[in-house]
Amino acid sequence: MAQILQVEDVSKKFASRLAVNQLTLSISSGEIVGFLGPNGAGKTTAMRMICGFFPPSSGRILIDGVDIQQEPTTAKKMIGYLPETVSLYGDMRVVEYLNFVAAVKGVGFLSRAKAVKEKIEQCGLGDVSKRLIGRLSKGFKQRVGLAQALLGDPKLLVLDEPTSGLDPKQISDIRALIHGLKKDRAVLFSTHILPEVSMLCSRVVMLDQGRVLASGTVEELEAHLSEDFQIQVTILGRSKTTEAVHVLQGIEGLKDIHFVVAESEQVVLTCRAPAQLEFRNVITERLSKQGISVIEIKREQLTLEEIFLRLLK
Amino acid sequence: MKNILYLARKEFSSYFHTWQGVFLTLFFFLVSGLFFSLLILGYAKMSMGQMGEQLAQAGVNQTDYIFGSFFMNLSTLLIFIAPVLTMRGFAEERRDQTLELLFTYPLSDREIVLGKFLGQVWMFELLCVPLLGYGLVAQLAGADFDWRVVLLAFVGFWILGLAYLSLGFFISTLTKSPVLSAVATFGVFLIFWVLEWASKVSDGWIAQFFQEVSPLDHYRYFTMGQIHFQHAGYFVLTIFFFLTMSVMSISTRNWKSS
Ligand SMILES: Nc1ncnc2c1ncn2[C@@H]1O[C@H](COP(=O)(O)OP(=O)(O)OP(=O)(O)O)[C@@H](O)[C@H]1O
Ligand SMILES: [Mg+2]
């Protein structure tokens, strides 16, 4: 698939501090990539470089194959950016502002009014379009910010914490909007709300101290992370406990075998297993062979929060 | 090119988003009108008395007396007006952090500087429109002006204004505070004013030096209806210099949080 964004070995140095350290990243059309990382990880700095606000200290950024430093105007036409703190011209009216943005983004005079109207509807700004931006509530300013990012139909959308500080209704509206946007577009967005990432993103890039800590789909991250994970086996029949423990001990690779007696006749056994192997079938098979009935085998699923925290350790 | 016009239009109309534009226009209109009326009255009074003959003997005609002083007074008024016109330029955008988006639009730094500057020039030109009216009114009332001189003086005032604006514009790229930008610009203009004065009281190469540096000395030739390559060149170079400096200033984007 066509690579819309390619970030190659990009670093940014402020005085003596390295805010982004050899970041490499690429996003293709139709993908939504979540940008995660603790405060000060360098997400905003990376996004500002991607959007051409300031140049990287080293490395190269290509937007649909166009180097943003060599041909800034061509590259910037393909980007829509929503900054972390959405600061707009407070003394302009919403329509007036969006018209200005459409003009400088190169939307032709004839199609401008239509484009602006479309974005106003898409972002639910119809009721406030004649009002001064400075008088709007934060959520509506955010929507105006999103509308200006969408103007010019950019191939790459860069959204820095698009849902921070919004009420739950608006958060879900904006999420739906982002989700609807991914068609023939690449989206990079940063957030501190992790469930949002699982919901929206096809891929995650986790940043810490300017470096990529991990990247991939949520499942890949998890697999990559835990050399071993927890398996929980529930069996029926207290009397079979010792036997079951023996069976588990007999399977190579399983460690830390414990058991707890649960309600009625159920016993819960826990053990740790290496991530690469699928143990479910083996366990079920061996236990059944001994005549032990297995009620449930569960693999403990790590949430993104847990992955995040463990990665940072 | 189109982008420059879009930016200029936005900059120009931003003066009228508050009362600033209206207030400036009125202020400039009233004060310059007051200067002009006083000069006319003063001249009328003098030419009727004995002074009139003395003036004529000294070779001072109506145009020199009225417009010469008028345009020198206007240049003083500009010291107060120009900082107010330019103070918001970049300082306000930096304070309000609106540059983050502006810099990510498909605009070059040069377009941004020229567009914003052009918008301010438009505002300045709007202020100048009534000045032509004064001349016409006086003409209708029976004055006899040398229009060539008046128009050259007018051009001189325009280019002096542009030079002042370019300086103020550059200063506004250096700070986050519009007020500081205005005060600093005003300070530099005061230095110019002192330079002109200094060039009069000193002599030798020092006087020469002050004359070359001071914009007011170069401007004086225009108000006398003379146009010299060196004086026009001085202003063109000044404007070019400060606009280039502004482009350089905004291209270092390492100021925190904007
Ligand atoms: N203009 C600047 N000058 C100097 N240092 C800066 C500048 N901008 C950012 N930094 C530093 O770079 C580092 C990364 O900051 P950045 O804003 O990119 O983090 P972030 O991941 O967006 O954090 P957050 O989650 O809080 O938004 C921080 O240590 C910050 O202090
Ligand atoms: Mg940030």
Side-chain angles (χ1 to χ4, degrees), chain A residues 12-15 19 44-45 47-55 57 63 66 68 71-93 96-97 99-109 112 132-134 144-145 148-149 151-152 154 156 158 160, chain B residues 1-23 87-116 118-119 123 176 178 247-258:
Chain A
K12 180 78 189 178
K13 211 168 176 179
F14 292 117
T44 301
T45 308
M47 289 178 148
R48 285 176 167 178
M49 287 189 284
I50 290 170
C51 296
F53 172 70
F54 45 39
S57 310
I63 314 292
V66 179
I68 193 154
E71 292 174 64
T73 25
T74 321
K76 284 174 178 177
K77 277 209 174 115
M78 297 186 275
I79 305 173
Y81 177 42
L82 176 71
E84 185 169 21
T85 36
V86 185
S87 314
L88 309 163
Y89 300 106
D91 55 3
M92 287 178 99
R93 295 182 193 279
E96 187 190 3
Y97 173 68
N99 264 310
F100 164 71
V101 176
V104 296
K105 281 192 172 187
V107 179
F109 179 75
R112 212 175 291 157
L132 287 175
I133 296 176
V144 178
Q148 67 77 33
L151 273 169
L156 172 66
V158 178
D160 201 350
Chain B
M1 190 57 213
K2 264 199 217 153
N3 287 336
I4 295 179
L5 292 179
Y6 296 140
L7 283 163
R9 194 170 59 197
K10 184 198 148 284
E11 189 75 10
F12 177 72
S13 53
S14 77
Y15 285 107
F16 296 95
H17 284 143
T18 57
W19 286 99
Q20 196 193 12
V22 177
F23 178 76
M87 64 188 229
R88 296 170 62 218
F90 275 98
E92 191 178 71
E93 298 235 15
R94 280 181 62 176
R95 186 194 64 197
D96 299 345
Q97 303 187 8
T98 44
L99 287 178
E100 179 159 12
L101 272 177
L102 190 64
F103 284 157
T104 57
Y105 292 148
L107 301 165
S108 66
D109 288 357
R110 209 176 311 162
E111 281 174 327
I112 294 177
V113 164
L114 286 180
K116 279 181 150 300
L118 186 63
M123 185 64 211
K176 250 184 200 174
V247 174
M248 281 162 61
S249 167
I250 66 163
S251 66
T252 60
R253 306 227 165 115
N254 288 334
W255 52 68
K256 182 78 186 135
S257 77
S258 60

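Every heavy atom of this structure was used, including side-chain atoms; hydrogens, water molecules and symmetry mates were not. Throughout, a chain's letter reflects where its sequence line sits, starting with A, and its residues are numbered from 1. Since we're looking at a predicted model, the values are computed, not measured.
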Exercise. Which one, Leu82(A), Asp91(A), Ile68(A), leads in non-hydrogen pairs under 4.5 Å with chain B?
Worked result: Asp91(A)
Exercise. Does a side-chain N-to-carboxylate-O contact under 4.0 Å join Glu92(B) and Lys176(B)?
Worked result: no
Exercise. Tell me, side chain or backbone of Ile79(A) under 4.5 Å from chain B's heavy atoms, or both, or neither?
Worked result: neither
Exercise. Where the side chain of Lys105(A) meets the backbone of Gln148(A), is there a donor-acceptor pair that is under 3.5 Å apart?
Worked result: yes
Seminar exercise, completed: Scored by heavy-atom pairs under 4.5 Å with chain B, the best of Pro83(A), Gly145(A), Ala149(A), Gly106(A) is Pro83(A)
For this session: Select, from Leu7(B), Asn3(B), Leu101(B), the one with the greatest count of heavy-atom pairs under 4.5 Å involving chain A.
Result: Leu101(B)
For this session: Would you kindly say whether Asp160(A) and Thr44(A) are connected by a side-chain donor-acceptor distance under 3.5 Å?
Result: yes
Exercise. Checking heavy atoms, do the side chain of Phe100(A), its backbone, both or neither come under 4.5 Å from chain B?
Worked result: side chain
Problem set entry | Cation-pi check, Lys76(A) onto Tyr105(B) ring (under 6.0 Å, within 45° of axis) | no
Exercise. So with a 6.0 Å cut-off around CZ of Phe23(B), is the heavy-atom count from everything else above 12?
Worked result: no
